[in-house]
Amino acid sequence: MPELPEVEFYRKLSERVLDRPIKGVDAPDAWYLKRGATARSLRAGLRGRAFVAARRIGKLLLLDGSDGTPTLGLHFGMSGRLIVDGVAGVDDLMYASNKDLGAWDRFRVRFSDGGDLRMRDPRRLGGVELDPDEERLGPDALMVSAGELARILGVSNAPVKARLMDQARLAGVGNLIADEVLWRAGVDPRRPASAFDSAEVKRLHRHLRKTIADFLDRGGSHTGDLLPHRVRGGVCPKDGVSLERAQVGGRTTYWCPTHQR
DNA sequence: ATTGTGGCCTGCCCGC
DNA sequence: TGCGGGCAGGCCACAA
């Protein structure tokens with residue numbers, strides 16, 4: 001998916017729909033409705049109401065309604081995009097097609113003024129739910145404190161990268177952000193999460209915050225300094241040595257064997 | 001409980 | 001030009 005920065009752009013875009021009466025809901029793909037949501041329950045919950053707030057926790061976008069209205073939860077998988085009144089939240093999404101094709105519209109909320117909010121997701125890896133359990137997510141990666149990060153890494157023997165990407169502990173870090181943060185911080189992604197002293201946790205925390213801030217400034221998770229070299233045969237732009245490539249935490253991982261320790 | 005694995009679903013890109 | 005394999009920014013169910 002979109003990682004945290006993209007979902008933040010979606011959140012901002014979705015503010016356009018606040019306070020607009022909802023006329024209807026199109027949910028043509030039952031697979032796309034999660035945790036018991038149905039086209040019927042979505043219509044019953046939303047029609048005639050309005051959203052009043054757009055929140056984000058990690059990669060989950062939350063649209064709150066006025067009193068008595070269920071909260072709509074949107075998650076975007078790896079290829080989902082948000083389109084409001086025909087305007088897309090991001091221009092480009094790696095690994096997703098940018099073709100304009102109605103067949104990929106999996107979900108739509110229509111407003112009585114004629115506009116709409118759509119989720120376009122070629123791979124159908126995203127989804128829609130009502131009243132999502134927000135407790136299933138850890139603190140947002142943009143807001144997390146160094147102390148919390150220390151606790152998140154904890155005593156775990158799991159690779160630090162897996163821990164950073166565990167949404168139940170820390171919400172918002174995906175594969176690209178994880179690789180970029182660890183590369184900037186000079187940390188081997190395979191290191192056990194417990195093997196960090198407080199100075200190292202602080203350094204990791206600083207790079208986590210700075211990386212996400214940079215990605216928000218630059219326009220997305222694909223703007224990393226490591227990213228262009230994150231290919232087979234790629235070379236570390238700091239050290240000029242070949243990057244390592246392996247599965248870590250179940251995801252393809254690139255790192256520099258020279259400066260990531 | 002924690003951690004790793006496989007699978008989901010579809011499109012794209014590369015090499016033959 | 002056509003085709004098969006590999007790959008993909010995420011997440012969930014399941015097993016050890």
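Both backbone and side-chain heavy atoms feed into the values below; hydrogens, waters and symmetry mates do not. Sequence lines set the chain letters: A, B, ... in the order given, protein chains first and strands last, and positions in each chain run from 1.
For A:L226 and C:dG9, the CG to C1' distance is 13 Å, given to the nearest whole Å. Here the P atom of nucleotide C:dC11 and the CD1 atom of A:I57 are 13 Å apart, to the nearest Å. The distance between atom CD1 of A:I177 and atom P of C:dA8, rounded to the nearest whole Å, is 17 Å. Taking atom OH on A:Y32 and atom P on C:dG10, their separation rounds to 14 Å, with Å as the unit. The interatomic distance linking A:R120 (CZ) with B:dG11 (P) rounds to 13 Å, in whole Å. With rounding to whole Å, A:D179 atom CG is found 11 Å from C:dG9 atom C1'. Atoms CZ (A:F76) and P (C:dC12) sit 15 Å apart, rounded to a whole Å. Remark: C1' of C:dC12 and CG of A:L33 are 17 Å apart, rounded to the nearest angstrom.
Base pairing annotation: C:dG4 forms a Watson-Crick or G-U wobble pair with B:dC14, both donor-acceptor distances under 3.5 Å. Base pairing analysis places B:dC9 opposite nothing; no Watson-Crick or G-U wobble pair with both distances below 3.5 Å involves it.
In terms of polar N and O atoms assigned as donor or acceptor, the side chain of A:E6 comes within less than 3.5 Å of the base of C:dG9 in a complementary pairing.
Listed nucleotides C:dC12, C:dG10, B:dG11 differ in distance to A:R136; the shortest reach to its side chain belongs to C:dC12. Considering only side-chain atoms of A:R245, the nucleotide from C:dG10, C:dA8, B:dG11 that sits closest is C:dA8.
Taking atom P on both B:dC9 and C:dC14, the two are 15 Å apart, rounded to the nearest angstrom. Remark: the separation of the P atoms in C:dG6 and B:dG6 is 15 Å, to the nearest Å.
Taking CG of A:L176 as the start and CG of A:L4 as the end, the distance is 13.0 Å to the nearest 0.5 Å. Note that the CG atom of A:L216 and the CZ atom of A:R218 stand 11.0 Å from one another [nearest 0.5 Å]. Interatomic distance, A:K59 NZ to A:M78 CE, rounded to the nearest 0.5 Å: 10.0 Å.
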Nucleotide N/O of nucleotides 3-5 of chain B paired with protein N/O under 3.5 Å:
| residue | atom | partner | partner atom | Å |
| --- | --- | --- | --- | --- |
| B:dT3 | OP1 | A:S156 | OG | 2.6 |
| B:dT3 | OP1 | A:N157 | N | 3.4 |
| B:dT3 | OP2 | A:S156 | OG | 3.4 |
| B:dT3 | OP2 | A:R163 | NH1 | 2.7 |

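The phosphate of C:dG10 has OP1 or OP2 within less than 4.0 Å of a side-chain N or O from A:K59. Between A:W31 and B:dC8 there is no side-chain polar atom (N or O) within less than 4.0 angstrom of OP1 or OP2. Regarding contacts with the backbone of B:dG11, every side-chain N or O of A:R123 stays at 4.0 angstrom or more from both OP1 and OP2. Contact annotation: A:R35 side-chain N/O to C:dC12 OP1/OP2 distance is under 4.0 Å. Listed pair A:T252 / C:dA8 meets the phosphate criterion, a side-chain N or O lying under 4.0 Å from OP1 or OP2. Between A:R232 and the phosphate of C:dC7, there is a side-chain N or O to OP1/OP2 separation shorter than 4.0 Å.
Between A:R118 and A:D105 there is a salt bridge, with a side-chain nitrogen of the basic residue lying less than 4.0 Å from a carboxylate oxygen of the acidic one. Ion pairing between a basic and an acidic side chain is recognised when a charged N comes within 4.0 Å of a carboxylate O; A:E200 and A:R261 show no such pairing. The pair A:D26-A:R43 fails the salt-bridge criterion, with no side-chain N (NZ, NE, NH1 or NH2) lying under 4.0 Å from an Asp/Glu carboxylate O.
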Item to complete: Could you give me the CA-CA distance, side-chain angles and deciding distance for A:L142 and A:L208, then say whether side-chain contact (heavy atoms from CB on, under 4.5 Å) is met?
Response: CA-CA 8 Å; A:L142 199 53; A:L208 175 65; over 6 Å; no
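In this structure A:D133 satisfies the side-chain contact (heavy atoms from CB on, under 4.5 Å) test together with A:E135, A:R136, sequence neighbours excluded.
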